[in-house]
Visitor: 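Here it is, the structure in full.
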2 protein chains.
Amino acid sequence: MSGHSGNTPCELCASRKFSLFSDLPEQHVCTISDNKNLISHKKGQILYYEGTKPLGIFCINSGVVKIYKTASNGKEQIIHLSQKGDFLGYSALLGEENYTNSAMIVEDAKICFIPKEAFLTTLSSNTPFFKRITKALSHELGVMEEKLTDATQKSIRERLAFVLLQLGNSYGVEGGESQKIDLVLSREEIASMVGTATESVIRLLSEFKKDNLIALEGKRIVIKDRRGLARLSDFYA
Amino acid sequence: MSGHSGNTPCELCASRKFSLFSDLPEQHVCTISDNKNLISHKKGQILYYEGTKPLGIFCINSGVVKIYKTASNGKEQIIHLSQKGDFLGYSALLGEENYTNSAMIVEDAKICFIPKEAFLTTLSSNTPFFKRITKALSHELGVMEEKLTDATQKSIRERLAFVLLQLGNSYGVEGGESQKIDLVLSREEIASMVGTATESVIRLLSEFKKDNLIALEGKRIVIKDRRGLARLSDFYA
DNA sequence: TAAAAAGACTGACATATATCATAAGAATCC
DNA sequence: GGATTCTTATGATATATGTCAGTCTTTTTA
């Protein structure tokens, strides 16, 4: 179901302004552009598997991708969701190791593949760009430390409330008081983000609904009370 | 209780071979060396606090430092332990943000402080070195993903067994069949590494002891059955 | 469009682990 | 060296959450 669908040059790519390529000089954008390859992906497709060797990096033009690890009990833990402008797989490339996680399309996506060489060449010849990448990497590390701390110190209810708020921030469409999360995730996927059992998510979501914190609109979740969720997400805040 | 205790040049530093400075050319080692400052720290001292601005990086010459985050419930989560040769605080510096965690001395330490400028200058003028730092950063990110997955998908018992094995790897002194963890940690600190309550650690440790997986030698833990712990640490492995 | 498969939901139940309380030892302090 | 504080230990108890089982609903397939 994948296929090349034309090859808009990076110079004209609307997603570029959201990406780490945003202020790359013309010359380097061209190097990248000449080598990249835009591919369309359908929901459910795998972009790469944990344990395999990275051959380049991915830059999301549109769509949503989940980055996850498969635990030894077979369950998956979603590390984060990526969307337009996000880079994927550069950490494995820079770490010179195989992928430490897997990537699966959550919402139909158009994604550019940039071969290792083009990326690394640009990196080496452009220190500011290299620094920006490293900065992103460092930031992600801090985020992961936060996630680890939350995972060990917060309850499932708190974590679910927090995940909903984050989804609201990233995929929310404002509508007066409420905010609709414009992204379809299965209960199982939400559970994988929170790090819990699917049934627990279902139960807690209906509880949140009963308490008027959220509402369901078809397959989408609408946040009706951000403040209430925020209070729930962190008892001490 | 801290104090300068002479300033061995990096060129002669025995810990350097364990560090990211290991194959830095003479010229750059000197730049670093001329600017650094060796300081002795006692157990319990704080190296830096989460939320404060990094002014440079630390390189551990001897001793052990715990890197931790304080959760909103007041409990601490130990992210990892650092020892000789390890760099501290470079992630905040490269991420151009305040420290996302705190660092406390766990075992009396001698630590060099390298001011921001000297470090960043070396970085900019030495791409291979920059790449090695970035590689370390990427690797750490993968480790954190693993920790997050373990935290959400494994039981406390499994995680404690795993932490003991890791401590054995990093601080173990071999003695025939057994391996003594040559590092004094309180039960509370072990709990902070595992992400659980102190009482749970105490209970599980006595259980492990009863099952002949470990033994206690004064304040130190001796691993008597690595294989048994490994089996316990991951039911499915 | 009927059948099959997948997903959402609800209930019953088991249990790992947090919390609280108390006490014994060990370390620290005047 | 006795008092005080911190750490380790153990027991009792509560509960959040995982697991299993079953039903209903939606989506996919043929």
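Residue numbers start from 1 in every chain, and the chains themselves are labelled A, B, ... in the order their sequence lines are given, proteins ahead of strands. The analysis underlying the following values was restricted to heavy atoms, covering all of them including side chains, and did not include hydrogens, waters or symmetry mates.
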Visitor: Quick check: are there more than 12 heavy atoms from other residues, nucleotides or ligands sitting under 6.0 Å from CZ of A/F162?
Guide: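 At most 12 heavy atoms, drawn from other residues, nucleotides or ligands, come within 6.0 Å of this atom.
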Visitor: Between atom CD1 in B/I202 and atom P in C/dA16, what is the gap in whole Å?
Guide: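 These atoms are roughly 19 Å apart.
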Visitor: What's the CD-C1' distance between A/E158 and D/dA16, to the nearest Å?
Guide: 12 Å
Visitor: Nearest of D/dT10, C/dT10, C/dC9 to any side-chain atom of A/R187?
Guide: C/dC9
Visitor: Within a strict 4.5 Å, meaning less than it, do heavy atoms of the A/Y68 and A/S192 side chains meet?
Guide: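 Not in contact.
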Visitor: Hey, is the side chain of A/K154 poking within less than 4.0 Å of OP1 or OP2 on C/dA18, counting only N and O atoms?
Guide: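 Result: no.
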Visitor: Shortest non-hydrogen contact from A/L183 to A/V106?
Guide: CD1-CG1, 4.2 Å
Visitor: Can you identify which nucleotide, out of C/dA8, D/dT17, C/dT17, has its nearest atom closest to the B/S200 side chain?
Guide: C/dT17
Visitor: What is the distance from CG of B/L232 to P of C/dA16, rounded to the nearest Å?
Guide: 13 Å
Visitor: I want to verify a distance call: between C/dC9, D/dT8, C/dT17, whose nearest atom is closest to the A/L216 side chain?
Guide: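 Within the option list, the nearest is C/dC9.
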Visitor: Could you state the atom-to-atom distance from CD1 of B/I190 to C1' of D/dT7 in whole Å?
Guide: 12 Å
Visitor: Could you tell me the separation between the CD1 atom of B/I156 and the P atom of D/dA16, rounded to a whole number of Å?
Guide: 17 Å
Visitor: CZ of A/F208 versus P of C/dC9: gap in Å, rounded?
Guide: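 These atoms are roughly 14 Å apart.
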Visitor: Starting at the 5' end of DNA chain C and moving along, which residue's nearest nucleotide shows up first, A/T198 or B/R203?
Guide: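 This one resolves to A/T198.
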Visitor: For B/K209, report the nucleic acid contact type (base, sugar-phosphate, nothing); a contact means any heavy atom under 4.0 Å.
Guide: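 Since no nucleic acid heavy atom lies under 4.0 Å of B/K209, the category is nothing.
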Visitor: Examine D/dT10: is either OP1 or OP2 under 4.0 Å from a nitrogen or oxygen in the side chain of B/S206? Give yes or no.
Guide: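 Yes, within the criterion.
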Visitor: Tell me the interatomic distance from B/L204, atom CG, to D/dT8, atom C1', rounded to whole angstroms.
Guide: 15 Å
Visitor: Nearest-nucleotide wise, let me know which of A/K219 and A/E199 is further upstream toward the 5' end of DNA chain D.
Guide: A/E199
Visitor: Side chains of B/Y171 and B/K180: does their closest heavy-atom pair fall under 4.5 Å?
Guide: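 Heavy-atom side-chain distance check fails, nothing below 4.5 Å.
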Visitor: Would one find more than 12 heavy atoms of other residues, nucleotides or ligands at under 6.0 Å from atom CD of A/E188?
Guide: no
Visitor: Would you mind reading off the distance between B/R157 atom CZ and C/dT17 atom P, rounded to a whole angstrom?
Guide: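 It is 7 Å, rounded to the nearest whole Å.
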